[in-house]
Chemist: 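Handing you this structure, nothing more for now.
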2 protein chains.
Amino acid sequence: MKKPKPAPAYHHGNLRAGLIEAALALLDEGGVEAVTIRAVARRAGVTHAAPANHFRDRKALLTALATGIFAKLAGRIAAKLAAARGGREARLQVFADAVTGFALAHPHRYRLLWRRDSLDDGDAGLQQAMDAIYDRLVAELSEDGASSVSADSRAVALWSMVHGYVALRLDGNFVALRDARTRAPRQAAIVMALIEGIGGAGKAKPKR
Amino acid sequence: MKKPKPAPAYHHGNLRAGLIEAALALLDEGGVEAVTIRAVARRAGVTHAAPANHFRDRKALLTALATGIFAKLAGRIAAKLAAARGGREARLQVFADAVTGFALAHPHRYRLLWRRDSLDDGDAGLQQAMDAIYDRLVAELSEDGASSVSADSRAVALWSMVHGYVALRLDGNFVALRDARTRAPRQAAIVMALIEGIGGAGKAKPKR
DNA sequence: GGCCGTATATTGACGGCGTCAATTTACGTC
DNA sequence: GACGTAAATTGACGCCGTCAATATACGGCC
């Protein structure tokens, strides 16, 4: 009797966070397509036009969602690198593992990060969150200058390879296999290939 | 006077091709989002339900579109490789150039190829068209066995790197830059990085 | 040459979507 | 306790994909 209105109603304060939470749940369940403004509103217990007060449009909602996800990914990478032991090559593997692990654990979240057509291109927070990861990688790779290509290009090479591998894995174009020679997981094998090089016989891998 | 009906009307034969053509034009103009069944029908000069006779649903239409694009890309790669001169490393650059060039020339087409959520996952023709490219690459890489990782992994490494680089380029995360050291286009620099390896100082690049 | 079955195209409807405008509700402040 | 304003609701619009019912035109068969 004391509470004839069981739903305390949002009104000021917590709806924005509630919408993000609902959107994340919908994203995990059904991918970005399932994250419609109306579905998010239903899940949060408000009417279909309520989100408009907090997000200009669907892109804005997805951009906020993606920014949070990016931050979480960056944090995860940083944490694993901070805890990593071993030399430079091991650290590159840690980086690749962190990205691959996150993407395989939360495929829809990772995919959203790159759905530029569903996100606000100009959003500063989003761009910044992504740059943070790239900068971390350049720092890891700039320590020595022996390679014939610049640290920038090496960073682009690794980042491209990891992202490409993950994207193709998530799309079902690759399956989880182990390298036929080293028995290492494919994901580790390709990083090894990049570290050692795949040039002509005997050129790279001076294991001698 | 002779032709009171200027539009000969499709009816039998050419509508399917007309729809694909219209869809491709819409794709180039506005991306996959712009390829709606109704817009395609309008462009082809038929009513909104006519396409249903040729494509079960939107996914089927996009899948047919993607299959054709994949075939064209595979043909382009094969042609450039057939015409290529130079050693194995040069051929890898040719492969990477072919993919990158196609993607940058027709960004929306390339993006569609990987929009698995908008395509029929089980479609045999589509899978086959994609496998053709990958198999070509494995063949290029399987000639020698000196690397510590298998040819399969080397193919995955290169294909992942090229695809990842292109995907990131198309999303605006990279801009067209030249390597700070070699002055080669970034795209060529990262392939070089993979060929030579990015391992610790002096380990790769035995230029000595 | 005329009939007819079937493939093809049209018409119309349904629910869901994003978004906008008008309205009502509830909070903080004075 | 009244009031201004931010927040939420209601209702509408046009677009979308899809389905069912209907109309149309082709090709084979007599």
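Labels below follow one simple rule: chain letters A, B, ... track the order of the sequence lines, proteins then strands, and each chain is numbered from 1. Just so it is clear, the structure is predicted and the values come from calculations on it, not from any experiment.
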Chemist: Just the rounded figure in Å: distance from P of C/dT19 to CG of A/Leu61.
Modeler: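 Roughly 10 Å, once rounded to whole Å.
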
Chemist: Could you tell me the separation between the CG atom of A/Leu15 and the P atom of C/dT25, rounded to a whole number of Å?
Modeler: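 In whole Å, C/dT25 P lies 19 Å from A/Leu15 CG.
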
Chemist: Please evaluate the base of C/dG12 for a donor-acceptor partner in the side chain of B/His48 within a cut-off of under 3.5 Å?
Modeler: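 Donor-acceptor pair under 3.5 Å: yes.
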
Chemist: Quick one: is C/dA9 close enough that its OP1 or OP2 comes under 4.0 Å of any side-chain N or O from B/Thr47?
Modeler: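 Negative; the distance criterion is not met.
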
Chemist: In whole Å, what is the span from the CZ atom of B/Phe55 to the P atom of D/dG17?
Modeler: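 Checked: the CZ to P distance equals 14 Å.
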
Chemist: In this structure, is the centre-to-centre distance between the rings of B/His106 and B/Tyr110 below 6.0 Å?
Modeler: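 No, the ring of B/Tyr110 stays outside the 6.0 Å limit from the ring of B/His106, centre to centre.
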
Chemist: Aromatic rings A/Trp114 and A/His163: how do their planes relate, parallel, tilted or perpendicular, breaks at 30° and 60°?
Modeler: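 Correct class here is tilted.
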
Chemist: Rounding to a whole Å, what distance do you find between B/Asp57:CG and C/dG16:P?
Modeler: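 So the two atoms are 19 Å apart, to the nearest Å.
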
Chemist: Measure from CZ on B/Arg56 to C1' on D/dC19 and round the result to the nearest Å.
Modeler: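 Answer to the nearest Å: 14 Å.
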
Chemist: So does A/His54 get a side-chain nitrogen or oxygen closer than 4.0 Å to the phosphate oxygens (OP1/OP2) of D/dA8?
Modeler: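 So the side chain of A/His54 is within the cut-off, an N or O lying under 4.0 Å from OP1 or OP2 of D/dA8.
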
Chemist: List the atom pairs, donor and acceptor, that lie under 3.5 Å between side-chain atoms in residues 39-47 of chain B and the rest of the protein, sequence neighbours left out.
Modeler:
| from | atom 1 | to | atom 2 | distance (Å) |
| --- | --- | --- | --- | --- |
| B/Arg43 | NH1 | B/Glu29 | OE1 | 3.3 |
| B/Arg43 | NH1 | B/Glu29 | OE2 | 3.3 |
| B/Arg43 | NH2 | B/Glu29 | OE2 | 2.9 |

Chemist: Any Lys/Arg nitrogen of B/Arg76 or B/Asp97 sitting under 4.0 Å from an Asp/Glu carboxylate oxygen of the other?
Modeler: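 Salt bridge flag = no for B/Asp97 with B/Arg76.
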
Chemist: Think A/Arg42 has a side-chain N or O under 4.0 angstrom from the OP1 or OP2 of C/dC17?
Modeler: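 Yes.
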
Chemist: Rounding to an integer number of Å, can you tell me how far B/Glu33 CD sits from D/dC15 P?
Modeler: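 From B/Glu33 CD to D/dC15 P: 17 Å.
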
Chemist: With sugar-phosphate meaning primed atoms plus P, OP1 and OP2, does B/Arg58 contact a base, only sugar-phosphate, or nothing at under 4.0 Å between heavy atoms?
Modeler: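 The residue B/Arg58 makes sugar-phosphate contact but no base contact.
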
Chemist: Indicate, yes or no, whether a donor-acceptor pair under 3.5 Å links the base of C/dA7 to the side chain of B/Asn53.
Modeler: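 Per atom types, no contact qualifies.
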
Chemist: Could you pick out which residue, A/Ala39 or A/Ala49, lies toward the 5' side of DNA chain C when each is mapped onto its nearest nucleotide?
Modeler: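 Going by which nucleotide is closer to the 5' end, it is A/Ala39.
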
Chemist: Is any side-chain heavy atom of A/Leu170 closer than 4.5 Å to a side-chain heavy atom of A/Arg111?
Modeler: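 Touching, per the 4.5 Å side-chain cut-off.
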
Chemist: Please report, rounded to the nearest Å, how far the C1' atom of D/dA8 is from the CG atom of A/Asn14.
Modeler: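 It works out to 13 Å between those atoms.
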
